[in-house]
Amino acid sequence: MTQVKRSLRFALVIPLLLAAAACSDKKDEPAASPTGAADAVSVPPAATSAPGPTPSGDPAAQAATAIAAMSDADLAGQVLMPYAYGSDANIVDKTSATGNQGLAGVDTPAQMIAKYHLGGLILVSFAPQDPTGSTNPATNVENPPQVRKLTDGLQAAARQLPGGAPLMIGTDQEYGVVTRITNGVTMLPSAMGAGAAGQSPLTEDAWKAAGEELAAMGVTVDFAPVADTLGPQSGTVIGSRSFGADAAANGGQVAAAVRGLRAGGVAAALKHFPGHGHTGGDSHEGLPVVTQSAAQWTAQDLPPFQAGVAAGAGVVMSGHLDVQALDKGVPATFSHKIMTDVLRGGLKFTGVAITDAMNMPPAMKWPAGEAAVRALNAGNDMLLMPPDIAGARDGIVAGLKSGSLKRERLVEAVTRILTLKFRTARTPPPSVGVVGSAAHQQAVAALDAASITVLRGACAGPLVAGPVTVTAADGREVARVTLVRALQAAGVNVQAAGGKIIHLVGYGDKAADLDQAAAVTVIMDTPGLLASAKSPVLVASYSSSKLSLTALASVIAGKTKAPGKSPVAVPGLPRTACG
């Protein structure tokens, strides 16, 4: 807390510096969709050549050595992080090969790395209700062993490139509604669940487990945590992806998540800078406008980013946002004032700045090459998911020739990228066998138990007496069955019909999805919908994962209390009925 207060005091000078000078089908947690192997296109991996710089030694020195071996086109490739089709680096089905041909004129992910000398690749997974689904048309993650085999193959391809640097492999593993790898991993509660628990040590332990599992699967950077502070009208945009509405509390949670990921061997990426929580617009659909004053932004949005930077976040993701108090009319991704003056000059961030997806509407205002140069000139180091890989690469090379992009700026960006990659590579990834381990389950279960919140109802003993019947809004059968089994394990008499109703609702549900006759209504996402529920007992689990619902069942059965406190206001209800 001392660090956060110090950061808050420091933040007050930033506006002065600026004056002088970054979704209806319903579902439970997202499920991975396997990529078929029928009619596979097999491309053997390239023969192994002499490796480049080894993971040992000084990362900055290794970066300099690698850059010395790179051409302008090599440098341009290093700042690109596209996605690819296919669940294997070298063997893909015909559908995936067609997708890769459309993206990059190649069949396989390994060929994409070889052709464009890529610095990174993002692992993606499409789910219809994921609020970020429009930017993720592919699915290349199925289960932990498959992901590790994929990432090993990607790294083998990267080792053949000039400089021999490792590949930066990222994914959006936020947990909750934005979670790419779901099958076989230990599922954390949503960020809002951690915010409800309000215990940073538990958050850090859970995110360390997450980091170890991601590292075991070969992921080197997690595009998490979300550092956005929620405003009163933003629940439907960022929602439970955020830790809550209190900037100082969010700072503690963000810092804990960053420390946990780092301890697990993965770089953390704060998003969406300079803050997506105080707008009702969605940057996946257009350019949201943030109308706060500079003082409001400093007090409400800045602290979690400061705390995350101070905790050692390796990456900050820019948001496609018009933050009018900082640079009116200019999306933050393309704003030198925001990405350089504020992020570098104000927050003293020295890591990698990466854009939000460049295939989102606000970033597609210009051709891919021009957008790439604009983003780099603003201060971004890496370009995420360019819609035209060749166009972005060629635009960067042309910018070097024309002088619209200085070589020093590009070298600076690549130096930061390579330094982070070599630093991360110093820690060998653990065996994939650690994924889903008992120790990880225990660490995450403790956070889940601390998150359960009773907003109306008893604070001791069973929340409902007698036999119960569990119902759910359409599309939530997995969560319903999971809760039934957890309740039975906790000793509750569950009937198929005729018992007191426990009704589940979650992400994307509306008032029409409530059962006003239910004895207990449970929200598995942002708790605002509970304001419309008439049940005598109202509970928030914030998540529909197995561990969250197991913790919920224990509270319903009266075996444990509900210590959580809603991190956002719900009209007409207290933050907790048990405080």
> With Thr203, which residues qualify under side-chain hydrogen bond (donor to acceptor under 3.5 Å, both in side chains), at least two apart?
Replying inline: Gln253
> In terms of heavy-atom contacts, does CZ of Arg262 have more than 12 from other residues, nucleotides or ligands at under 6.0 Å?
Replying inline: no
> Are Asp322 and Val290 close enough that some pair of their side-chain heavy atoms sits under 4.5 Å apart?
Replying inline: no
> How many angstroms lie between NE2 in His440 and OG1 in Thr186, if you round to the nearest 0.5 Å?
Replying inline: 6.5 Å
>> Taking side-chain contact (heavy atoms from CB on, under 4.5 Å) as the criterion, tell me which of Val342, Leu326, Val316, Leu343 meets it with Pro274.
In response: Leu326
> How long is the span from the CG atom in Asn143 to the CE atom in Met217, to the nearest 0.5 Å?
Replying inline: 10.0 Å
> To the nearest 0.5 Å, how far apart are CD in Gln101 and OH in Tyr85?
Replying inline: 12.5 Å
>> I'd like to know if Lys271 pairs up with Asp228 as an ion pair, taking the criterion as any Lys NZ or Arg NE/NH1/NH2 lying under 4.0 Å from an Asp or Glu carboxylate oxygen.
In response: no
> What distance separates Leu123 CG from Asp172 CG, expressed to the nearest 0.5 Å?
Replying inline: 10.0 Å
> Measuring from Ile181:CD1 to Leu214:CG, what's the distance to the nearest 0.5 Å?
Replying inline: 6.0 Å
>> Consider side-chain hydrogen bond (donor to acceptor under 3.5 Å, both in side chains). Of Thr355, Asn380, Asp356, which one does Ser318 pass it with?
In response: Asn380
>> Looking at Glu370 and Arg374, is any side-chain nitrogen of the basic one under 4.0 Å from a carboxylate oxygen of the acidic one?
In response: yes
> Run the side chain to side chain donor-acceptor pair (under 3.5 Å) check on His117 and Gln78 step by step: do they pass?
Replying inline: CA-CA 7 Å; His117 293 192; Gln78 279 295 309; over 6 Å; no
> Side-chain contact, heavy-atom cut-off 4.5 Å: Val330 with Lys337?
Replying inline: no
>> Assess whether a salt bridge exists between Lys406 and Glu412, defined as any Lys/Arg side-chain N lying under 4.0 Å from an Asp/Glu carboxylate O.
In response: no
>> Please find the pair of heavy atoms, one from Thr151 and one from Ile169, that lie closest to each other, and give the distance.
In response: CB-CD1, 3.7 Å
>> I want to check something: taking the side chain as every heavy atom from C-beta on, are Leu118 and Met81 in contact at a cut-off of under 4.5 Å?
In response: no
> Is any side-chain N of the basic residue among Asp74 and Arg393 closer than 4.0 Å to the acidic one's carboxylate O?
Replying inline: no
> Distance only, no hydrogens: is a donor on one side chain within 3.5 Å (strictly under) of an acceptor on the other, for Asn250 and Thr229?
Replying inline: yes
> What's the spacing between Met364 CE and His320 NE2 if we round to 0.5 Å?
Replying inline: 10.5 Å
> Does a donor on one side chain sit under 3.5 Å from an acceptor on the other, for Gln173 and Thr179?
Replying inline: no
> Is it true that Arg344 and Asp381 make a salt bridge, defined as a side-chain N closer than 4.0 Å to a carboxylate O?
Replying inline: yes
>> Restricting to side-chain hydrogen bond (donor to acceptor under 3.5 Å, both in side chains), what partner residues turn up for Asp152, sequence neighbours left out?
In response: Arg148
